[in-house]
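Okay, so here's the structure we're looking at.
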Amino acid sequence: MSTAIFDLLDPIPFGFFVAALIFDIVYAYSPDVLWGKGAAWLISIGLLFAIIPRLINLAHVWFIRSRPAAYVEKIDFWLNLIAIAAAIVNAFVHTRDAYAVIPQGIWLSAFTVVLLSVGKVVLATQKAGFKEFRHE
């Protein structure tokens, strides 16, 4: 049951963070403050949706001993944790006034998206069965 909830909710924050990155890039080239405020909302909602999947992931990777957690699952956990920390800092950056968000907001949004993307790639290599990429 928890795996189904995790699989359902895990992609949602990624979508919000990618949208926030797009909004930040548009805001850098636009005089309209609405893009920056929209990015702030997207980051905040992405963080809210990131809570439940990360708690489930925390339990599966570190606490449930029915099966040992794979090395790549631990890497994915840490990448997601660092990405969420970067998104929290990014949420605080987006509370600044007007163009004080740029360029730090873009860099933090890009860093968050890159970390989450690398985590997805690492998990995909495990699920695809690429044994040469796994450390055992």
[X]-[Y] co-clustered via ILVMFWY side chain contacts under 4.5 Å:
{"X": "W107", "Y": "V114", "result": "no"}
{"X": "L34", "Y": "I102", "result": "no"}
{"X": "L8", "Y": "F6", "result": "no"}
{"X": "L21", "Y": "V121", "result": "no"}

With a 6.0 Å cut-off (strictly less than), is the heavy-atom count around [atom1] of [X], excluding the residue itself, greater than 12?
{"X": "I52", "atom1": "CD1", "result": "no"}
{"X": "Y99", "atom1": "OH", "result": "yes"}
{"X": "F111", "atom1": "CZ", "result": "no"}
{"X": "D97", "atom1": "CG", "result": "no"}

Report task. Under the salt bridge (Lys or Arg N to Asp or Glu O under 4.0 Å) rule, collect the residues that match up with K37, sequence neighbours excluded. Result ->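 Partners of K37 by the salt bridge (Lys or Arg N to Asp or Glu O under 4.0 Å) criterion come out as none, since no residue qualifies.
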Requested in this report: Give the C-alpha distance, both sets of side-chain angles, the deciding distance and a yes or no for side chain to side chain contact (heavy atoms under 4.5 Å, CB included) between V33 and Y27.
Outcome: CA-CA 7 Å; V33 180; Y27 182 48; 4.2 Å; yes
Requested in this report: Decide yes or no on side chain to side chain contact (heavy atoms under 4.5 Å, CB included) for E73 and W78, but give the supporting numbers first.
Outcome: CA-CA 9 Å; E73 290 176 332; W78 287 111; over 6 Å; no
**Report entry** Step-by-step side chain to side chain contact (heavy atoms under 4.5 Å, CB included) determination, L47 to F17
**Finding:** CA-CA 9 Å; L47 283 168; F17 294 137; 4.1 Å; yes
Report summary line: Applied to residues 79-92, the side chain to side chain donor-acceptor pair (under 3.5 Å) test, sequence neighbours excluded, yields D76-N80, N90-H94, N90-S109
Report summary line: Hits for side-chain contact (heavy atoms from CB on, under 4.5 Å) against F14, two or more places apart or cross-chain, chain-then-number order -> V18, V113, L116, S117
